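These numbers were taken from a predicted model, which means no experiment stands behind them.
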Amino acid sequence: MKRFVVVAYDIEDNKRRSQVAKLLEAVGLRVNKSVFECFLSDTKLEKLKVSITRRTVRGDVILYYRLCASCLEKIDRRGSGGLPKEVVVVI
């Protein structure tokens, strides 16, 4: 089963930040400069965490927010910067 996960990061170093962004672009949708929305199985999420951890150092911050189906219905999107015109969510 896939879960909806929001991944946010704060990484100072440009090289590390780019590496993490590329990993996330492969599995999710960038909704802000350092925020991605992803639908991932538990296995893929754990693999992603390992890959990201290998590319970060102490002081970098990576946040993983798992949202339940009822939470998805409560997402309030405002503005249109960076989001596709149509987002389809299937659970």
Side-chain angles (χ1 to χ4, degrees):
M1 180 169 122
K2 290 188 176 184
R3 299 180 190 277
F4 187 77
V5 182
V6 175
V7 182
Y9 57 85
D10 185 6
I11 301 171
E12 262 188 58
D13 182 76
N14 289 334
K15 182 178 178 182
R16 289 194 317 273
R17 187 174 52 248
S18 291
Q19 290 174 344
V20 169
K22 284 182 184 179
L23 287 171
L24 289 164
E25 286 170 346
V27 298
L29 174 67
R30 180 177 277 197
V31 294
N32 200 301
K33 289 185 179 184
S34 61
V35 180
F36 285 79
E37 294 179 346
C38 310
F39 279 98
L40 302 168
S41 66
D42 289 338
T43 303
K44 287 225 179 209
L45 177 58
E46 289 309 311
K47 287 181 181 181
L48 177 66
K49 287 180 178 182
V50 168
S51 294
I52 289 175
T53 299
R54 287 182 182 151
R55 289 162 176 82
T56 56
V57 299
R58 189 175 188 171
D60 292 341
V61 178
I62 312 295
L63 303 168
Y64 301 90
Y65 298 99
R66 293 183 195 201
L67 300 180
C68 64
S70 64
C71 293
L72 284 175
E73 297 169 3
K74 298 173 186 168
I75 293 174
D76 183 2
R77 295 187 190 276
R78 306 271 173 116
S80 60
L83 282 177
K85 293 190 188 294
E86 185 177 322
V87 176
V88 178
V89 177
V90 179
I91 300 176

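Of the inter-residue distances, the one linking I52 atom CD1 with R54 atom CZ reads 12.0 Å to the nearest 0.5 angstrom. Atom CZ in R58 sits 12.0 Å away from atom CG in D60 (nearest 0.5 Å). A distance of 9.0 Å separates CG of L48 from OG1 of T53, quoted to the nearest 0.5 Å. Between the OH atom of Y65 and the CD atom of E37 there is a distance of 13.5 Å, given to the nearest 0.5 Å. Taking CG of L67 as the start and NZ of K74 as the end, the distance is 11.0 Å to the nearest 0.5 Å.
No chain of hydrophobic side-chain contacts below 4.5 Å, direct or via other Ile, Leu, Val, Met, Phe, Trp or Tyr residues, connects V7 to F39. One hydrophobic cluster, built from ILVMFWY side chains closer than 4.5 Å, holds both V35 and L63. In the hydrophobic clustering of ILVMFWY residues, with side-chain heavy atoms under 4.5 Å counting as a link, V6 and I75 come out together.
Looking only at side-chain heavy atoms (C-beta outward), I62 and I11 come within less than 4.5 Å of each other.
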Exercise answer: donor-acceptor pairs, residues 18-29 side-chain atoms, under 3.5 Å, sequence neighbours excluded:
residue, atom, partner, partner atom, Å
S18, OG, N14, O, 3.0

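Considering only residues two or more places apart in sequence or on other chains, K49 meets the side chain to side chain contact (heavy atoms under 4.5 Å, CB included) condition with L45, E46, Y64, R66. The side chain to side chain contact (heavy atoms under 4.5 Å, CB included) check on D13 picks up K15, R16, with sequence neighbours excluded.
Remark: side-chain polar atoms of S34 are not paired, donor with acceptor, to backbone N or O of D10 under 3.5 angstrom.
For the residue pair Y9 and K33, the shortest heavy atom distance occurs at OH-O, 3.3 Å.
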